[in-house]
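Every chain is numbered from 1 and lettered A, B, ... according to where its sequence line falls, protein lines coming before strand lines.
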Number of protein chains: 2
Amino acid sequence: MGFAETFKALSDPVRREILQLLKQRRMSAGEIASNFEMTGATISYHLSVLKKAELVFESREGTFIYYELNTSVLEDLMVWLSDLKGVPSYEQTEN
Amino acid sequence: MGFAETFKALSDPVRREILQLLKQRRMSAGEIASNFEMTGATISYHLSVLKKAELVFESREGTFIYYELNTSVLEDLMVWLSDLKGVPSYEQTEN
DNA sequence: TTCTTATTTAGAAAATTATCTAAATAAAGA
DNA sequence: TCTTTATTTAGATAATTTTCTAAATAAGAA
């Protein structure tokens with residue numbers, strides 16, 4: 001899976017904003033790019049980082065490539081964070 | 001607060017392992033360092049990154065500096081992730 | 001097949017990060 | 001005050017990241 005890749009992917013503000021966009025609905029690469037003041041090539045790079053981290057998946061339709069949020073990795077992160085936090089009244093059964 | 005800083009801090013495997021160590025109990029910088037095959041200076045750098053991200057706080061005791069996990073930021077991350085994930089049966093009231 | 005549109009890939013430059021060694025600081029003890 | 005121990009800071013270097021421009025690929029339309 002790779003927490004390093006996932007956290008690194010989430011550490012960039014542009015990539016977090018992309019994910020927020022995809023929260024609403026899937027979007028083509030171009031539509032995503034139109035929300036930023038950067039070249040399409042740069043957005044394509046960011047999408048590849050998100051894809052490698054399995055935070056999004058893509059599906060081609062004709063000349064368009066659509067990107068969609070993949071929430072399953074988010075679950076894994078939340079489990080990791082929750083475990084680090086200590087799960088107060090459940091894991092520590094001596095209370 | 002700064003999600004960028006926090007996610008970036010969590011993206012490094014050494015820093016994640018430090019947090020896992022601190023999950024059990026607070027530790028001095030030297031004790032933390034003894035768990036890794038790196039110089040104390042490097043661990044000190046990683047601790048400063050974690051501190052800037054507010055994932056740990058420190059308290060000096062004599063010549064020792066103790067580091068302790070700060071869980072409050074973890075909560076914020078979990079809220080952000082949970083919101084991205086979509087909070088299925090609560091936020092979308094039309095179900 | 002040639003053109004157009006959507007997107008990615010390649011290559012380069014600037015910025016950031018992780019690591020080291022050596023030096024500096026901070027506190028306590030002799 | 002001098003020494004020792006714990007830790008950080010400074011400066012350097014190698015690796016990685018983010019961004020650009022220009023070129024390449026992929027698919028459909030004329």
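Residue Arg15(A) has its side chain nearest to dT18(D) when only dC20(C), dT7(C), dT18(D) are considered. Side-chain proximity of Thr39(A) to dA6(D), dT21(D), dT5(C): nearest is dT21(D).
For Glu31(B) and dT7(D), the CD to P distance is 9 Å, given to the nearest whole Å. Rounded to an integer number of Å, the gap from OH of Tyr66(B) to C1' of dA27(C) is 14 Å. Regarding Lys8(A), its NZ atom lies at a distance of 10 Å from the P atom of dT17(C), rounded to whole Å. When the P atom of dA26(D) is taken as reference, atom CZ of Arg60(A) falls 8 Å away, rounded to whole Å. Taking atom NZ of residue Lys52(A) and atom P of nucleotide dT16(D), one finds them 12 Å apart after rounding to whole Å. Rounded to whole Å, the distance from CE on Met38(B) to C1' on dC20(C) is 10 Å. Here dT7(C) presents its C1' atom at 17 Å from CZ of Phe36(A), a figure rounded to the nearest Å. Rounding to whole angstrom units, CZ of residue Phe64(B) and C1' of dT4(D) are separated by 12 Å.
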Taking only nitrogen or oxygen atoms into account, show me every contact under 3.5 Å that the protein makes with nucleotides 8-10 of chain C, one pair per line with its distance.
unit_1, atom_1, unit_2, atom_2, d
dT8(C), OP1, Tyr67(A), OH, 2.4
dT8(C), OP2, Ser44(A), OG, 2.8
dT8(C), O5', Ser44(A), OG, 3.1

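Here Ser28(B) reaches the OP1 or OP2 of dT7(D): one of its side-chain N or O atoms lies under 4.0 Å away. Distances shorter than 4.0 Å separate some side-chain N or O of His46(A) from OP1 or OP2 on dT19(D).
In this structure, Gly40(B) and Ala33(B) approach most closely via the heavy-atom pair CA-CB, 4.5 Å. Minimum heavy-atom separation, Leu74(A) to Leu81(B): CD2-CD2, 3.8 Å.
Remark: Arg25(A) engages Glu31(A) in a salt bridge, criterion side-chain N to carboxylate O under 4.0 Å.
A side-chain donor-acceptor contact under 3.5 Å links Arg60(A) to the backbone of Gly62(A).
Environment of CD in Glu61(B): crowded, with over 12 heavy atoms of neighbouring residues, nucleotides or ligands closer than 6.0 Å.
For the pair Val49(B) and Gly30(A), nearest-nucleotide mapping onto DNA chain C gives the more 5' position to Gly30(A). Between Val14(A) and Glu61(A), the residue anchored closer to the 5' end of DNA chain D is Val14(A), taking for each the nucleotide with the nearest heavy atom.
The side-chain contact (heavy atoms from CB on, under 4.5 Å) test with Leu47(A) is passed by exactly one of Leu55(A), Ile65(A), Thr42(A), Ile18(A): Ile18(A).
In this structure, Phe3(B) and Trp80(B) have tilted ring planes: the angle between them lies in the 30° to 60° band.
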